[in-house]
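Read through the structure below, which is laid out as C-alpha cells, and then see the notes.
Atoms within each ligand, like the ligands themselves, are counted from 1 in listed order.
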Amino acid sequence: MSIYLDHAATTYVDQRVLEKMLPYFSEIFGNPSSVHGYGRDAEKAVMAARRQAAEAIGASAEEIVFTSGGTESDNWALRGIAEKQKSGHIITSRVEHHAVLDTCRYLETQGFDATYLPVNETGMVSAQSVREALREDTILISVMFANNETGTIMPIREIGQIAREKGVLFHTDAVQAVGHVPVDVEELGIDMLSMSAHKFYGPKGAGALYLRRGTPIAKLLHGGAQERDMRASTLNVAGIVGLGAAAEIAAAEIESNARHESELSRRLAEGLLALPGTKFNGHETQRLPGHVNISFSGIEAEALLTHLDLAGVAVSAGSACSSGSTKPSYVLLEMGLMTLEARGAVRFTIGRENTRQEIDEAIEITRNTAQRLQQLSPLFMQRKGDEKRV
Ligand code: PLP
C-alpha cells in the first residue's frame, strides 16, 4: 500500500471507533425514536455520543444536532439563519470551502447580500476586515476555523469577540480543525460550528452542527420530530456512535497527535523545500499541525500526483473536492500566487499513524518524481537557464 498523506480529504476509521460502532448495525439496531427497549438502547447510545461531541468543543449536549457531515452543517447554518431573518447581509471569506461559498452565492440569488473578505499571503483573514465589513443589517459572520488547502488557522477568537460586541451571530466551519487543534466554543465566542467525523478518524456521512442555545435558526428537514424537531429523519445511530467515539479519542489525544504531526510536517517541508523551484504556501506557525502545501515550479500538480500515486505516495492537489478539474486553486490565487505556482501546488496532510520512515520515503519519492517532471518541463528548464545567465 502506498504512503497515505491525504488526511485532510478523509481519514480511516480508528479501530477503537469501529469496535464501538459495530454493535449498532445489527445487534442494537433499534430506532432511537421507538419507545421499546430496542429503541431505548439506541437512544442511550445517541445521548452518549451527543455528550462526547459536545465535550470535544466545550459545548453542552443539547447544543449538538447530528447531520450527515460538514456540507450539510454548513448549508444549514447559513440557510437556516437566512430563512429566519428573511433579509440581510452575510460576511464570509473568499477562501471558504465550497459548502459555504456556494451557499452564500445561492443566498445572494435569494435577495441576501454577501461580503467575501480577502486574505493575506498566508491565507489569513484579518479580524479588522471583519469589523470594517459589518453593517447595520449584518445577520451572520461565517469564517472557517482552518483552511482545508493550506491549514491556515483564522483569528477566530478576535472574530468571536467582534461578533459578540456587535451582537451578530458567528458561524465557523471547523471541519478541518475539530480533533486536530483545541476548539472551545465558549472561550472563542462561537455561536454555530460545523464538524464532520471522517476528518478525525470517524465514519463518513456523520457530522454535527453546534447551535448555541437560543440561536434563531429555521428547521432543516420537515418530517419527523427528530433532533428537537429541527432535522427530521431516522438517526444514523452507528455513524453517530462513531462520531462521538472519534471526538472523545481525538480530544483526549489532541496534544500528542499534534506534536507528532507537527514534527513530521516540519520534516516533510524541510525535505521538500530543499528542492530548487519549490515554495511553501500557508502560514508558518498558525497552521493545522499536519498540513504542508508546496508549489513545485514548472509542474502541473495533477501530473505530479498521478506519478506520486504510481510511486506509492497518496496526496492531493488543492482540495479533493476540486480534483479532476484543471483549474488552479482559488484559495492559492486569493493568497497572491501566480497561476503557474497555484497549478503546481500539492497538499500533503499528515495523520497520526504516519511514521518518520514514511515521511523520509515520501520526501525521496517526491523529490525524484518532481525532478524528473521538471526536466521534462520546457518552462522549468528555460527558467533555470535564465537564472544561470543572470
Ligand atoms: N468544510 C471543509 C473545510 C472541508 O474541508 C470539507 C471537506 O473536505 C467540508 C466542509 C465538507 O465536509 P463533508 O465532506 O463532511 O461534507
Side-chain angles (χ1 to χ4, degrees), residues 4-13 17 53 56-57 64-79 92-106 116 119 123-125 142-154 156 171-181 183 190 192-210 220-221 231 236 239-240 242-244 246-247 250 282-283 287-293 314-325 329-332 334 345 347-351:
Y4 188 74
L5 297 177
D6 200 13
H7 294 80
T10 197
T11 56
Y12 61 91
V13 176
V17 172
I57 58 164
I64 297 292
V65 191
F66 291 114
T67 65
S68 66
T71 302
E72 182 182 320
S73 297
D74 285 343
N75 268 261
W76 186 10
L78 275 72
R79 294 169 68 170
T92 189
S93 86
R94 295 187 193 163
V95 299
E96 297 296 310
H97 188 272
H98 279 295
V100 167
L101 277 183
D102 292 2
T103 306
C104 286
R105 289 195 188 112
Y106 163 74
Y116 301 86
V119 293
M124 202 183 283
V125 162
S142 179
V143 173
M144 70 200 318
F145 204 107
N147 184 264
N148 42 303
E149 294 191 30
T150 59
T152 296
I153 298 174
M154 302 297 183
I156 295 300
H171 165 254
T172 186
D173 173 347
V175 166
Q176 292 288 340
V178 168
H180 299 278
V181 287
V183 174
I190 297 165
M192 286 179 286
L193 175 147
S194 306
M195 66 165 100
S196 183
H198 76 102
K199 306 292 188 181
F200 52 91
Y201 306 90
K204 293 163 189 55
L209 179 64
Y210 156 73
L220 177 69
L221 298 176
R231 184 192 183 271
N236 168 15
I240 288 169
L243 184 148
H283 197 286
R287 196 171 88 240
L288 294 175
H291 269 64
V292 177
N293 188 311
V315 292
S316 69
S319 60
C321 319
S322 59
S323 63
S325 87
S329 144
Y330 64 94
V331 172
L332 298 179
E334 287 295 340
R347 178 185 74 177
F348 302 82
T349 43
I350 291 162

Can you pull out every salt bridge (Lys or Arg N to Asp or Glu O under 4.0 Å) where at least one residue sits in residues 197-206? Sequence neighbours excluded, please. none

Does an N or O anywhere in N148 fall below 3.5 Å from an N or O of ligand 1? no

Apply side chain to side chain contact (heavy atoms under 4.5 Å, CB included) to T11 and list each qualifying residue two or more places apart in sequence or on a separate chain. H7, Y201

Could an N or O of ligand 1 be found under 3.5 Å from any N or O of G70, whether backbone or side chain? yes

Show the numbers, then the answer: is there a ring-ring contact (aromatic ring centres under 6.0 Å, His included) between H180 and F145? CA-CA 11 Å; H180 299 278; F145 204 107; over 10 Å; no

Are E96 and ligand 1 in contact, using a heavy-atom cut-off of under 4.0 Å? no

N/O to N/O below 3.5 Å, does that happen between H198 and ligand 1? yes

Is the contact between D74 and ligand 1 made by the side chain, the backbone, both, or neither, using heavy atoms and a 4.0 Å cut-off? side chain

Is there a donor-acceptor pair closer than 3.5 Å between any side-chain N or O of D6 and the backbone N or O of A314? no

If you measure only the distance, is there a donor-acceptor pair under 3.5 Å linking the side chains of S194 and H171? yes

For ligand 1, which atoms, with element, lie under 4.0 Å from some heavy atom of G69? 15 (O)

List ligand 1 atoms under 4.0 Å from T71, heavy atoms only on the residue side. 11 (C), 12 (O), 13 (P), 16 (O)

Considering all heavy atoms of both residues, which atom of N148 and which atom of R347 are nearest to each other, and what is their separation? O-NH1, 2.8 Å

Sub-4.0 Å heavy-atom contact, K199 with ligand 1: yes

